[in-house]
Amino acid sequence: MAVVLGPNRYGKAETRVVRVTRDGGAHRLKDVSVSVSLSGAMDEVHLTGDNAAVLPTDSQKNTVFAFARRHGIDAIEDFALLLARHFTASQPAVAHARVEISEYGWRRITGGHSFVRDGGEVRTALVHHDADGTESVVSGLTDLVVLNSTGSEFHGFARDEYTTLEPTDDRVLATAVTARWRHRATDAAWDDSYAAARDALLTAFAETHSLSLQQTLFQMGRSVLDGQDGLCEIRLSLPNKHHFLVDLEPFGLDNDNEVYFAADRPYGLIEGTVLTDDARDAPSAWN
Ligand SMILES: O=c1[nH]c(=O)c2[nH]c(=O)[nH]c2[nH]1
């Protein structure tokens with residue numbers, strides 16, 4: 001009985017591309033995950049290790065970024081067709097290309113360059129009640145994903161022998177907000193309070209010209225507390241969802257803050273508490 005090679009395919013999965021189109025002050029955002037899978041005359045690579053027919057998955061990823069710059073991304077069906085046709089046309093060994101794209105929707109917050117991701121957040125509540133009548137209420141949300149396509153800088157930071165990060169005066173700033181806020185009383189208008197806090201978080205994120213995510217964190221926390229006398233403390237956890245500008249120079253393309261690689265990990269994690277100066281300590285409320 002002989003052992004033979006069965007069906008096979010290969011490609012770069014989940015290339016995360018964010019394409020910003022800058023029509024003056026009003027930016028447009030396209031956020032996609034592209035998975036390419038090629039198949040065809042690939043027997044030799046499996047059987048003998050001859051890679052002559054293998055277009056590296058790294059090249060496939062580069063093609064996705066370069067096409068995003070060169071052609072833009074409109075309907076994902078069109079972008080997928082463009083890529084699939086390209087790989088079969090340019091690679092003699094490739095008989096079939098499978099391209100699958102997922103698109104993440106974004107909604108404008110305010111101004112021209114601030115967005116909140118569709119279908120996002122989860123509202124949370126945490127209550128403690130002691131038999132003696134002592135109560136606390138902490139409200140919050142998780143996974144409120146927001147992005148500013150400009151209006152964010154990061155420079156002037158400490159450097160050591162391991163520092164390679166380049167300072168920037170224009171970057172994408174994106175985070176998935178986890179926030180919890182403590183109420184002074186246990187009889188608030190909860191839905192109105194939640195809506196106001198969510199709105200304050202979004203507006204502060206959009207309207208803060210950011211010098212760091214830490215600075216944005218404080219502005220967001222302050223804005224929630226300023227808007228509601230009934231709140232005395234807010235705790236924020238903000239992952240810095242890094243968007244790296246893709247170097248397209250090897251392909252003869254410039255990249256004037258238009259095509260980004262959206263990395264999922266590692267990420268900076270910026271956490272902090274903002275409170276009113278009369279807030280009494282209540283560590284048990286957060287347990
Ligand atoms: O807003 C930022 N804060 C940081 O502390 C940091 N560190 C880093 O590498 N990038 C950033 N960005």
Side-chain angles (χ1 to χ4, degrees), residues 14-20 22 25 27 29 31 33 61 65 104 106-117 120-121 140-181 197-226 233-249 255-275:
E14 298 188 42
T15 296
R16 291 281 285 103
V17 194
V18 171
R19 174 71 155 91
V20 176
R22 298 174 168 232
H27 294 187
L29 197 68
D31 180 0
S33 174
K61 173 206 68 185
F65 286 128
Y104 307 102
W106 292 83
R107 210 181 298 266
R108 216 174 274 287
I109 301 175
T110 173
H113 61 262
S114 299
F115 303 87
V116 58
R117 205 156 108 171
E121 76 270 17
L141 53 76
T142 60
D143 285 328
L144 179 67
V145 182
V146 288
L147 182 149
N148 283 331
S149 52
T150 190
S152 168
E153 313 182 23
F154 188 64
H155 45 74
F157 43 80
R159 310 193 73 96
D160 66 7
E161 67 269 43
Y162 302 112
T163 302
T164 58
L165 185 71
E166 293 291 334
T168 176
D169 61 6
D170 191 6
R171 66 174 181 173
V172 165
L173 184 68
T175 187
V177 180
T178 294
R180 297 197 294 164
W181 47 90
R198 181 183 183 279
D199 187 59
L201 289 168
L202 289 179
T203 305
F205 178 81
E207 293 183 350
T208 300
H209 183 99
S210 177
L211 298 175
S212 67
L213 188 49
Q214 288 89 331
Q215 183 211 16
T216 295
L217 178 150
F218 182 72
Q219 294 300 331
M220 292 169 78
R222 175 153 80 182
S223 170
V224 170
L225 298 184
D226 276 349
E233 181 176 358
I234 177 167
R235 298 185 177 185
L236 289 145
S237 176
L238 303 181
N240 191 353
K241 293 168 77 73
H242 301 300
H243 286 64
F244 298 111
L245 208 56
V246 182
D247 178 9
L248 298 175
E249 245 182 59
N255 188 2
D256 187 15
N257 289 348
E258 288 186 303
V259 178
Y260 294 90
F261 161 53
D264 65 344
R265 61 194 66 171
Y267 50 88
L269 184 58
I270 311 301
E271 300 177 291
T273 299
V274 184
L275 58 174

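Just follow the structure's listing: the first ligand is 1, and inside any ligand the first atom is 1. Treat the numbers as computed from the prediction; the structure is a model and nothing was measured.
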Please table the atom pairs, donor to acceptor, closer than 3.5 Å between any side-chain atom in residues 202-211 and protein atoms at least two apart or in another chain.
from: Thr203; atom 1: OG1; to: Asp199; atom 2: O; distance (Å): 2.8
from: Thr208; atom 1: OG1; to: Ala204; atom 2: O; distance (Å): 2.6
from: His209; atom 1: NE2; to: Glu153; atom 2: OE2; distance (Å): 2.7
from: Ser210; atom 1: OG; to: Ser212; atom 2: N; distance (Å): 3.3
from: Ser210; atom 1: OG; to: Ser212; atom 2: O; distance (Å): 2.8
from: Ser210; atom 1: OG; to: Thr216; atom 2: OG1; distance (Å): 2.9

message = Can you give me the closest heavy-atom contact between Leu238 and Leu213, atom names plus distance?
response = O-CD2, 3.7 Å
request  = Heavy-atom cut-off of under 4.0 Å around ligand 1: list whichever protein residues fall inside it, by chain and number.
outcome  = Phe154, Leu165, Arg171, Ser212, Leu213, Gln214, Asn240
ask   = Are Leu147 and Trp106 close enough that some pair of their side-chain heavy atoms sits under 4.5 Å apart?
value = yes
request  = Fit a plane to each ring of Phe65 and Phe261, take the angle between them on a 0 to 90° scale, and name the class: parallel (under 30°), tilted (30 to 60°) or perpendicular (over 60°).
outcome  = perpendicular
query = Do Glu121 and Arg198 meet the salt-bridge criterion of a basic N to acidic O distance under 4.0 Å?
reply = yes
Single hit among Val20, Val18, Asn257 for side-chain contact (heavy atoms from CB on, under 4.5 Å) with Ser149 = Val20
